[in-house]
Amino acid sequence: MAIATINPTTGETEQEFEPHTAEEVERRIARAQDAFAALKDTTFARRAEWLRRAADLLDAEVDSTARMLVVEMGKPIAQAEAEVRKSAKGLRFYADHAEGFLADEPLADPAAVGAAKAWTRYEPLGPVLAVMPWNFPIWQALRFAAPALAAGNTGLLKHASNVPRTALYLDALFARAGFPEGAFQALLVGSDAVNAVIEDPRVKAVTLTGSEPAGRSVAAAAGAAIKKTVLELGGSDPFVVLPSADLDAAVETAVKARTINNGQSCIASKRFIVHADVYDEFARRFAEATAALVVGDPLDPGTDVGPLATESGRDDLAELVDDAVAKGAEVLAGGGAPDRAGWFYTPTVLAGLSEDARIVQEEAFGPVAALYRAEDAEEAVRIANQTPFGLSSSVWTTDAEEQARFVRRLDAGAVFVNGMTVSFPELPFGGVKNSGYGRELAAAGIREFTNLKTVWQG
Ligand code: NAP
């Protein structure tokens, strides 16, 4: 895949980039190693100061950075601005909390292990490789970078090949904020260069956010090299609506949860599982609201849904819909690509899916909703859990017992009750099943890439 900025709104190539040579990658790994030697002995307070400065730069540059995101991957401008601000918030969160999250933990009763004193401490590992996707090009990269740097690790970012401007912006950001040269660097390389970096003994761990095949490949290479991985992969999150739900809120949130970021979010609700008692009304109102969305230029503040980020992504999505329709699905809204330049796909609602439709098992990475009718809560749980994914989930009910049952029984890394899934720096984020393993954000996220060292003192 060429490393290039191709504007998805027009389909035109704005800029192509020479990939880094193997020698340049080598230089960058060496620099990451040298920077680690300096960074690991800095104080939390010093690293927090640099993280806050990086956050201030993001806030000061929100307009130009947001426009860069829109040109590279097509999200609506207001959402791009929100992403930049949220990323600044994530940097400040770890500036404020890293020291507490990684504080030494003394054993309350050292005599039980025959020690005068025993405790655990968290130590940074060294250079960590992050393989990142294009859908939240700043936020995804920073939710790795903020905890990694706060802990004293250094970062190597292999960003998606269609967001090189963002990769280079991030490459410069941390040096501008005061971090030692080499603390955080981009590797402008294709996915075929990733394994060699994983195998390099100076690189201590790897995190990947992306598709299932990419996750399998990276985990296999890291496994062979005995290196820790965190994998944040795809999802096909259920959005379950039960009879006691506030239907106005559920419909409004369902539309947003499916179409935010032009439908390209791992934690977007993708399957809408509605109890038979409220199915007809929900389906009608959901389809009407989806059809009313404004599809257009993402730089226009009036646009709800912009183009898909890549041509192949748009084509994959169209194939999933065509497959479902060929197998008998009913199209309640949308159902095709509009006749215009760029990689647009009209927001779509499908119902009456046959069991063998690919969309029943596969992730639809774009504004296409799959609607399911469940005869009772038990069937809703079964449908919710029937995919190979387990990232997040959303359940709408005001019945306390039902809420507790769904929280317990949904096979997912998160359950949001009467709300859509959102990532927050304060809450751990990650999946089960084929959605991956390990956690990002909160205390769990910063501890992933540390050595939990046990100290026993006689
Ligand atoms: P993708 O093709 O897997 O790309 C993601 C990153 O992995 C890119 O940097 C890509 O590089 C790299 N990559 C691809 N194949 C690789 C391989 N065999 N070895 C090493 N690196 C490889 O994913 P995408 O289709 O662009 O992104 C959408 C997917 O990401 C969806 O499935 C979505 O659900 C998932 N996602 C998950 C989360 C989460 O937190 N769980 C968040 C966002 C997105 P190139 O660009 O050079 O190919």
Side-chain angles (χ1 to χ4, degrees), residues 1-6 8 17 19-20 72-75 83 129-144 156-164 166-167 170 186-199 206-222 229-237 260-270 308-317 320 362-366 387-392 412-414 421-424 427-441 445 448:
M1 193 168 164
I3 299 178
T5 297
I6 306 175
F17 293 78
H20 287 158
E72 288 209 302
M73 56 68 66
K75 73 176 63 197
E83 176 177 340
L129 171 66
V131 182
M132 289 289 134
W134 45 262
N135 60 342
F136 293 90
I138 299 268
W139 169 241
Q140 289 289 353
L142 290 195
R143 69 193 214 175
F144 154 71
L156 291 162
L157 168 69
K158 182 269 180 274
H159 219 325
S161 291
N162 56 330
V163 289
T166 307
L170 293 170
L187 303 176
L188 280 193
V189 293
S191 55
D192 55 349
V194 167
N195 283 4
V197 180
I198 294 173
E199 284 155 17
V206 52
T207 179
L208 176 132
T209 300
S211 61
E212 223 182 306
R216 285 183 200 283
S217 167
V218 160
T229 48
V230 167
L231 298 181
E232 299 286 0
L233 309 179
S236 191
D237 290 358
I260 197 164
N261 211 40
N262 306 336
Q264 303 158 118
S265 167
C266 54
I267 47 168
S269 297
K270 293 170 184 142
L308 287 255
T310 63
E311 188 171 21
S312 62
R314 198 269 310 269
D315 294 348
D316 290 348
L317 188 70
L320 268 191
E362 295 179 31
E363 178 182 28
F365 213 57
T387 74
F389 298 110
L391 195 51
S392 188
T421 300
V422 177
S423 61
F424 297 97
L427 288 175
F429 182 103
V432 293
K433 297 160 70 180
N434 291 4
S435 291
Y437 51 74
R439 290 293 179 268
E440 290 188 295
L441 303 174
E448 288 284 4

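Just follow the structure's listing: the first ligand is 1, and inside any ligand the first atom is 1.
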Evaluation steps, side-chain contact (heavy atoms from CB on, under 4.5 Å), between Leu208 and Val230: CA-CA 6 Å; Leu208 176 132; Val230 167; over 6 Å; no
Does the side chain of Gln264 pick up a donor-acceptor pair with the side chain of Asn135 at under 3.5 Å? no
Nearest-contact summary for atom 41 (N) of ligand 1 - protein heavy atom, Å: Leu233 O, 2.7 Å
Any Leu187 side-chain heavy atom under 4.5 Å of Leu157 side chain: no
Which of the numbered atoms in ligand 1 are below 4.0 angstrom from a heavy atom of Phe429? 40 (O)
Atoms of ligand 1 close to Lys158 [distance to a heavy atom under 4.0 angstrom, numbered from 1]: 9 (O), 11 (O), 45 (P), 47 (O)
Which atoms of ligand 1 have any heavy atom of Val218 under 4.0 Å away? 20 (C)
May I ask you to list the atoms of ligand 1 that are less than 4.0 angstrom from any heavy atom of His159? 9 (O)
Can you find an N or O of Met132 that's nearer than 3.5 Å to an N or O of ligand 1? yes
One residue to check: Leu391. Relative to ligand 1, which of side chain, backbone, both or neither has a non-hydrogen atom less than 4.0 Å away? side chain
Less than 4.5 Å apart, side chain to side chain, heavy atoms only: is that true for Val194 and Val218? yes
CZ on Arg143 to CD on Glu440, rounded to 0.5 Å: 4.0 Å
Shortest protein contact, atom 35 (C) of ligand 1 (heavy atom only): Gly210 O, 3.2 Å
Run the ring-ring contact (aromatic ring centres under 6.0 Å, His included) test on Phe365 and Trp134 for me, step by step, so that the C-alpha distance in whole Å, both residues' side-chain angles and the decisive distance to 0.1 Å come before the verdict. CA-CA 12 Å; Phe365 213 57; Trp134 45 262; 5.8 Å; yes
Which protein heavy atom lies closest to atom 13 (N) of ligand 1, and at what distance to 0.1 Å? Ser191 CB, 3.6 Å
What protein heavy atom lies closest to atom 43 (C) of ligand 1? Include the residue and the distance to one decimal. Asn135 ND2, 3.2 Å
Examine Glu363 against ligand 1 and note whether any of their N/O atoms are separated by less than 3.5 Å. yes
In sequence, state the C-alpha distance, the side-chain angles, and the governing distance for Glu83 and Lys75, and then conclude on side-chain contact (heavy atoms from CB on, under 4.5 Å). CA-CA 10 Å; Glu83 176 177 340; Lys75 73 176 63 197; 2.4 Å; yes
Which protein heavy atom lies closest to atom 19 (N) of ligand 1, and at what distance to 0.1 Å? Ser217 OG, 3.6 Å
Can you check side-chain contact (heavy atoms from CB on, under 4.5 Å) on Thr387 and Phe389, steps first, answer last? CA-CA 5 Å; Thr387 74; Phe389 298 110; 3.7 Å; yes
Can you list the ligand 1 atoms lying under 4.0 Å from a non-hydrogen atom of Trp134? 24 (P), 26 (O), 27 (O)
Heavy atom of the protein closest to atom 36 (N) of ligand 1 (residue, atom name, distance): Cys266 CB, 3.5 Å
Under 4.0 Å and counting heavy atoms only, is there anything from the protein next to atom 4 (O) of ligand 1? no
Is there a side-chain contact between Thr421 and Ser269, using heavy atoms and a 4.5 Å cut-off? no
Can we say Arg439 and Glu448 salt-bridge, meaning some charged N sits less than 4.0 Å from an Asp/Glu carboxylate O? no
Identify the protein heavy atom lying closest to atom 28 (C) of ligand 1, giving its residue, its atom name and the separation to 0.1 Å. Phe365 CE2, 3.5 Å
For ligand 1, is Phe136 a contact, meaning one of its heavy atoms is under 4.0 Å away? no
Quick one: do Cys266 and Phe429 satisfy side-chain contact (heavy atoms from CB on, under 4.5 Å)? Show the steps, please. CA-CA 11 Å; Cys266 54; Phe429 182 103; 4.1 Å; yes
Can you tell me how far CD of Glu232 sits from CD of Gln140, rounded to the nearest 0.5 angstrom? 8.0 Å
In ligand 1, which numbered atoms sit nearer than 4.0 Å to a non-hydrogen atom of Val194? 20 (C), 21 (N)
So is Arg143 in contact with ligand 1, going by heavy-atom distances below 4.0 Å? yes
Per-atom contacts of ligand 1 with Glu232, taking only distances under 4.0 Å to non-hydrogen atoms: 37 (C), 38 (C), 39 (C), 40 (O), 41 (N)
Are His159 and Pro164 packed together at the side-chain level, in the sense that at least one heavy-atom pair is separated by less than 4.5 angstrom? no
Could you tell me whether Ser211 and ligand 1 have an N or O pair separated by under 3.5 Å? yes
Here the pair of heavy atoms bringing Ala219 nearest to Thr229 is CA-CG2, 4.4 Å
N/O to N/O below 3.5 Å, does that happen between Ser435 and ligand 1? no
In this structure, atom 15 (N) of ligand 1 is nearest to the protein heavy atom Ala214 CB, 3.5 Å
I want to confirm something. Looking only at heavy atoms, which of Ala130, Ala220, Ser161 is nearest to atom 46 (O) of ligand 1? Ser161
Would you tell me whether Glu72 and Thr5 have side-chain atoms, one donor and one acceptor, within less than 3.5 Å of each other? yes
Those atoms of ligand 1 less than 4.0 Å from some heavy atom in Val131: 6 (C), 7 (O), 9 (O), 12 (C), 21 (N)
